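In this chain, numbering begins with 1 at the start of the sequence shown. Not measured: the values here are computed from a predicted model.
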Amino acid sequence: NFVTIQEAVNAANPGDVILADAGTYNEQVTIGKSLTLEGTEHGVDARTRSGAESIVDGVTGAAFTVTAGTVTLDGFTVNGGGTQQGLAIDAGATATLANLIVTDANAVYGGGAYNAGQLSVADSLFSGNTGDIGGGIFNAAGGTLGVSQSIFTGNISGGYAGGAGIENQGALTVSNTTFTHNNCYTVADGGGLENTSSGTASITNCTFSDNGDERGGAIANEGAMTIGGSTIDGNAGTSGGGTGGGLYNDTSATLIVSN
């Protein structure tokens with residue numbers, strides 16, 4: 001047994017599984033080898049659960065930083081305390097976030113999570129996070145992000161770029177995911193999701209509702225994007241005159257939409 005998660009990580013061998021009991025861990029956990037970390041709610045869908053949580057609060061920095069290896073985080077609540085980033089995935093690292101609640105985190109790039117590596121997110125909830133660029137998740141150029149069966153709600157972009165739910169500058173695939181009540185409070189793009197000129201995005205079977213931004217209340221596309229089998233309803237282009245309440249597609253962008 002270890003007092004902190006970081007102590008357990010330091011002592012672990014690559015391939016080990018670390019189990020964290022319910023409770024609050026006020027620490028910044030840095031992981032640089034292939035490990036699986038499981039909170040008390042591992043395997044339980046974050047969108048619907050109500051049990052005791054393993055809560056990690058970074059206090060003065062990101063709660064989890066993955067610098068190398070292949071890492072799985074399953075069944076944690078990540079709380080940024082309104083001032084700190086939730087998670088950071090460095091270039092060259094691979095991470096899977098399963099059954100995570102990421103809430104009340106704040107950063108310039110990706111309040112909930114910053115990704116420059118390869119990141120997969122499933123059965124997770126990103127709520128109430130704030131970023132100047134990317135309130136929920138910021139996917140950097142060169143990063144690969146896959147999101148499935150998750151919810152992004154109440155996230156905010158307060159900066160000049162946008163992407164209150166997700167800001168994508170790399171390669172993005174999103175399926176069976178709901179974006180609702182995400183908003184940008186400055187002149188910016190993509191209340192639910194923004195795909196920039198360097199980004200490629202595939203969106204399948206997703207729902208965008210009640211999101212807001214200046215251009216593209218639900219989605220703003222400046223790169224290459226495909227949308228299939230998705231619902232875009234009740235979103236608004238709200239500030240700066242407002243353009244494309246549901247969807248904004250830049251003149252230089254490529255967009256394919258299908259049922």
Side-chain angles (χ1 to χ4, degrees), residues 24-26 28 39 41 44-65 73 75-89 97-115 119 121-139 145 147-168 174 177-186 188-194 206-213 217-219 234-236 238-239:
T24 299
Y25 300 83
N26 294 317
Q28 300 166 40
E41 292 286 342
V44 182
D45 195 323
R47 297 169 295 176
T48 56
R49 71 183 185 227
S50 58
E53 295 283 343
S54 302
I55 302 168
V56 182
D57 186 337
V59 183
T60 59
F64 288 102
T65 299
L73 302 175
F76 288 92
T77 288
V78 174
N79 190 324
T83 61
Q84 302 300 324
Q85 191 166 57
L87 306 101
I89 315 302
L97 310 182
N99 309 301
L100 252 62
I101 297 173
V102 182
T103 186
D104 201 24
N106 191 319
V108 175
Y109 293 95
Y114 171 90
N115 177 53
L119 175 61
V121 178
D123 302 313
S124 293
L125 171 64
F126 283 73
S127 68
N129 302 292
T130 302
D132 284 359
I133 307 173
I137 299 177
F138 174 81
N139 189 43
L145 172 62
V147 179
S148 64
Q149 298 179 179
S150 295
I151 294 175
F152 290 77
T153 183
N155 300 289
I156 296 169
S157 172
Y160 61 88
I166 296 176
E167 171 82 4
N168 178 53
V174 188
T177 292
T178 297
F179 296 80
T180 183
H181 297 287
N182 303 288
N183 286 277
C184 298
Y185 289 116
T186 58
D189 300 339
L193 183 154
E194 180 182 21
C206 292
T207 298
F208 293 80
S209 64
D210 298 305
N211 303 287
D213 201 346
I219 299 170
N235 305 279
T238 55
S239 64

Residue set satisfying side chain to side chain donor-acceptor pair (under 3.5 Å) with T178, at least two apart, ordered chain then number -> none
Flag, side chain of N139 to backbone of N168, donor-acceptor distance under 3.5 Å
no
According to side chain to side chain donor-acceptor pair (under 3.5 Å), who are the partners of E41, at least two apart in sequence or on a separate chain?
none
Report the C-alpha distance between F126 and I166 in whole Å, list the side-chain angles of each, state the deciding distance to 0.1 Å, and finish with yes or no for side-chain contact (heavy atoms from CB on, under 4.5 Å).
CA-CA 10 Å; F126 283 73; I166 296 176; over 6 Å; no
With sequence neighbours excluded, tell me which residues meet side-chain contact (heavy atoms from CB on, under 4.5 Å) with A105.
N129
Can you tell me if N155 uses its side chain to pair, donor with acceptor, with the backbone of A164 under 3.5 Å?
no
Taking only residues two or more places apart in sequence, or in another chain, which ones meet A107 in a side-chain contact (heavy atoms from CB on, under 4.5 Å)?
Q85
I'd like to know if the side chain of T177 reaches the main chain of I151, judged simply by a donor and an acceptor atom lying under 3.5 Å from each other, with no hydrogens or angles considered.
no
D189 CG to I219 CD1 distance, which is reported to the nearest 0.5 Å
12.5 Å
Determine which pairs satisfy salt bridge (charged side-chain N to carboxylate O under 4.0 Å, His left out) with at least one residue from residues 103-115, sequence neighbours left out, and list them in order.
none
Within the distance-only criterion (no hydrogens, no angle test), does the side chain of N182 pair as donor or acceptor with the backbone N or O of N211 below 3.5 angstrom?
no
Roughly how far apart are Y109 OH and Y114 OH, rounded to 0.5 Å?
8.5 Å
Which residues satisfy the side chain to side chain donor-acceptor pair (under 3.5 Å) test with T180, sequence neighbours excluded?
S209
Does any part of the side chain of E194, heavy atoms only, come nearer than 4.5 Å to the side chain of I133, both counted from C-beta?
no
Is there a side-chain contact between L193 and F152 in this structure, where contact means two heavy atoms from C-beta onward sitting under 4.5 Å apart?
no
Minimal heavy-atom distance between S150 and S148, with the atoms involved, is OG-O, 2.9 Å
Any donor-acceptor N/O pair, S157 side chain to C184 backbone, under 3.5 Å
no
Across all chains, not counting sequence neighbours, the side-chain contact (heavy atoms from CB on, under 4.5 Å) partners of T130 are N106, I156
Can you name the salt bridge (charged side-chain N to carboxylate O under 4.0 Å, His left out) partners of D123, sequence neighbours left out?
R47
Centre-to-centre under 6.0 Å for F76 and F64, is that the case here?
yes
Sorted by chain and number, sequence neighbours left out, ring-ring contact (aromatic ring centres under 6.0 Å, His included) with F208 holds for F179
Less than 4.5 Å apart, side chain to side chain, heavy atoms only: is that true for Q28 and V59?
no
Residue among L145, L119, T65 satisfying side-chain contact (heavy atoms from CB on, under 4.5 Å) with I89
L119
Pairs under 3.5 angstrom only: tabulate donor-acceptor contacts from the side chains of residues 77-84 to other protein residues two or more places apart or in another chain.
residue : atom : partner : partner atom : Å
T77     : OG1  : E53     : OE1          : 2.9
N79     : OD1  : G81     : N            : 2.7
Q84     : OE1  : G61     : N            : 3.2

Under the side chain to side chain donor-acceptor pair (under 3.5 Å) test, residues paired with N26 that sit two or more places apart
none
Residues passing the side-chain contact (heavy atoms from CB on, under 4.5 Å) test with S127, sequence neighbours excluded, are T103, L125, T153
Value for CG (L100) from CG (L73), rounded to nearest 0.5 Å, stands at 6.0 Å
